[in-house]
Amino acid sequence: MGKGLTSRADDYSAWYNEIVEKAGMAEHSGVKGCMVIKPYGFAIWENMKEILDGMFKATGHQNAYFPLFVPKSLFEAEEKNAEGFAKECAVVTHYRLKNDPENAGKLMVDPEARLEEELVVRPTSEAIIWNTYRKWIQSHRDLPLLINQWANVVRWEMRTRLFLRTAEFLWQEGHTAHATKDEAIEETEKMLEVYADFVENFMAIPVVKGIKTESERFAGAEETYCIEALMQDGKALQAGTSHFLGQNFAKAFDVKFADSTGKQEHVWATSWGVSTRLMGALIMTHSDDEGLIVPPNIAPLHVAIVPIYKEEDQLNAIKERFQPIMEELRENGISVKFDDDDQKRPGWKFSEYEMKGIPVRVAIGQRDLDQGCAEVARRDTKEKASVQLENLCEYISKLLGEIQTNLFERAKNFRSENTHEVNSFEEFKEVLNYKGGFISAHWDGTTETEEKIQELTKASIRCIPYKAKEESGHCILTGKPSTKRVLFAKAY
RNA sequence: CGGGGCGUGGCCCAGCCCGGUUAAGGCGCCUGGUUUGGGACCAGGAGAUCGCAGGUUCGAAUCCUGCCGCCCCGACCA
């Protein structure tokens with residue numbers, strides 16, 4: 001492991017890649033565009049998963065699992081969705097390999113083993129799921145149907161980046177069916193709230209809730225809701241989406257139910273998802289030039305204890321003194337590691353825990369032990385304090401809460417400092433070039449204008465915020481009247 | 001799909017233009033010792049089909065041809 005990171009100021013993109021690798025989160029695999037998520041990175045993902053899963057269940061959802069493969073005929077049934085994903089689908093055409101007669105020891109695709117119907121590797125699962133729901137839903141008594149699945153999906157991207165865009169990624173996808181339009185919209189909005197709650201309160205990432213414009217909408221959806229976050233380089237990142245699918249899939253897959261009067265109706269649908277991309281958001285929201293910073297609420301390890309000692313009996317004395325303290329911490333739901341690895345020196349461990357973003361580090365040597373205290377360092381501000389051992393558990397417990405709050409507040413301040421209202425296209429371009437960030441501006445509501453602005457500036461409309469002010473103004477490009485501001489940014 | 005780069009012990013890489021002893025160095029690893037309050041030091045040691053396949057040559061990591069893989073930049077996207 002090399003020392004240090006490239007600084008954000010020198011090369012933001014190199015900084016990001018180095019954090020991912022040096023913090024032990026993920027690495028490039030031998031497979032193009034695909035990553036290996038390493039134990040530490042996966043532990044963070046597992047925590048995110050566990051918390052979200054609990055939230056889904058608390059809102060009445062159940063988990064299920066649907067196949068990785070989708071027959072092409074099923075996939076193409078809902079045309080808009082199929083069209084939207086067509087360009088990035090991996091397709092299975094054969095089911096067997098055989099020994100290559102002209103190349104000893106090598107295998108070849110057996111031309112005899114072509115599939116009668118190609119299988120699409122799911123880029124999302126609407127097709128297979130709605131084909132299944134047709135069988136599950138007959139009556140209004142079967143509704144609402146609230147299902148989630150944790151799965152991998154494949155989108156054959158041209159250009160990939162660890163966590164932000166990989167050919168295969170992990171996510172959850174919720175797919176629900178409802179008797180009425182209102183109920184489905186309510187579900188769509190509810191799940192967006194769940195995401196916002198999770199991302200803000202656990203990941204400490206402030207988000208803007210809003211609605212996508214037509215061009216950014218999920219293929220096959222009537223309306224796409226999203227949460228948008230702002231990264232430290234001034235680019236926006238979509239952190240989660242929730243879609244109101246109308247009756248598009250119900251009609252494509254003929255999913256009908258008998259209402260209370262016995263009349264056959266198509267059901268109303270939603271889908272919603274967040275992915276391992278959130279790991280990228282985590283890194284780019286909080287981390288600094290020393291490495292990753294993980295908010296306590298999702299950290300796999302809260303406290304690393306580094307003993308400093310010369311003789312074995314000193315180590316043993318420290319260990320013994322810490323035994324009850326660690327028990328007390330664990331009883332309070334705080335995960336602790338006592339690092340007595342003798343192969344690494346304390347300075348090395350300090351740097352390593354900083355790189356991994358462990359929220360709190362405790363250092364304890366003979367000097368402290370004699371005074372009955374320990375040095376407690378917090379990762380977010382790097383402040384150190386000397387704390388009496390008998391108060392340690394209480395202190396750390398409180399400190400973790402403070403770190404969580406501080407990270408969120410810090411990110412929120414960054415966002416307000418980097419959100420600008422502009423009223424002319426000149427100003428728009430200037431702010432975008434010199435400051436970046438979110439730009440709040442009037443837009444005439446047409447796709448043409450949106451595309452033109454993107455073409456000219458590379459910035460797109462991230463969302464029409466829920467909280468958009470009602471005010472009359474003029475589109476920054478066309479000067480046509482507008483009733484509210486939308487949020488622009490360059491995006492990941 | 002277009003443009004560029006790279007492939008040499010586990011990792012980072014020198015060597016390649018201009019072919020010629022035993023393929024250099026750093027990190028890591030193993031052994032022993034000294035160390036331990038911000039990425040320790042000394043001594044010794046192990047570890048390489050130089051991406052693959054052909055070709056040129058007395059001789060190829062180095063030159064030629066083909067192939068494979070990955071990364072980066074653009075178009076596309078969560």
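Within every chain, numbering begins at 1; the chains are lettered A, B, ... in the order of the sequence lines, protein sequences first and strands thereafter.
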Exercise for the section: Select base, sugar-phosphate, or nothing to describe what A/Tyr492 touches, counting heavy atoms under 4.0 Å on all strands. Expected result: nothing
Exercise for the section: Could you tell me whether the side chains of A/Lys310 and A/Gln366 share a donor-acceptor contact shorter than 3.5 Å? Expected result: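 No - no donor-acceptor pair under 3.5 Å links their side chains.
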Handout entry: Any side-chain donor near an acceptor of the partner, A/Asn63 and A/Asp53, under 3.5 Å
Key = yes
Practice task
Could you please name the option among B/rU35, B/rG39, B/rA78 that lies closest to any side-chain atom of A/Asp342?
Solution key: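 Taking heavy atoms from C-beta onward, the closest nucleotide is B/rU35.
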Problem - Of the listed nucleotides B/rC76, B/rG39, B/rU36, the one nearest the side chain of A/Glu352 - result: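 In terms of side-chain proximity for A/Glu352, the closest of B/rC76, B/rG39, B/rU36 is B/rG39.
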Handout entry: Separation of atom CD in A/Gln343 from atom P in B/rU35, rounded to whole Å
Key =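 That distance rounds to 16 Å.
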Problem - Interatomic distance, A/Asp370 CG vs B/rG37 C1' [rounded to whole Å] - result: 13 Å
Handout entry: Rounded distance in Å between the C1' positions of B/rG4 and B/rU49
Key =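 Each nucleotide's C1' atom is 30 Å from the other's.
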Problem - A/Tyr195 side-chain N/O to A/Gly273 backbone N/O, donor-acceptor pair under 3.5 Å - result: yes
Practice task
Quick one, give me the B/S/- string for nucleotides 66-75 of chain B, reading 5' to 3', where B means a protein heavy atom under 4.0 Å from the base and S means that only happens at the primed atoms, P, OP1 or OP2.
Solution key: ---SSSSSBB
Exercise for the section: Please tell me which of A/Arg367 and A/Ser275 maps to the more 5' nucleotide of RNA chain B, matching each residue to the nucleotide holding its nearest heavy atom. Expected result: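 Between the two, 5'-proximity favours A/Arg367.
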Practice task
Please state whether the phosphate of B/rA40, meaning OP1 or OP2, lies under 4.0 angstrom from any side-chain nitrogen or oxygen of A/Arg345.
Solution key: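 Affirmative; the distance criterion is met.
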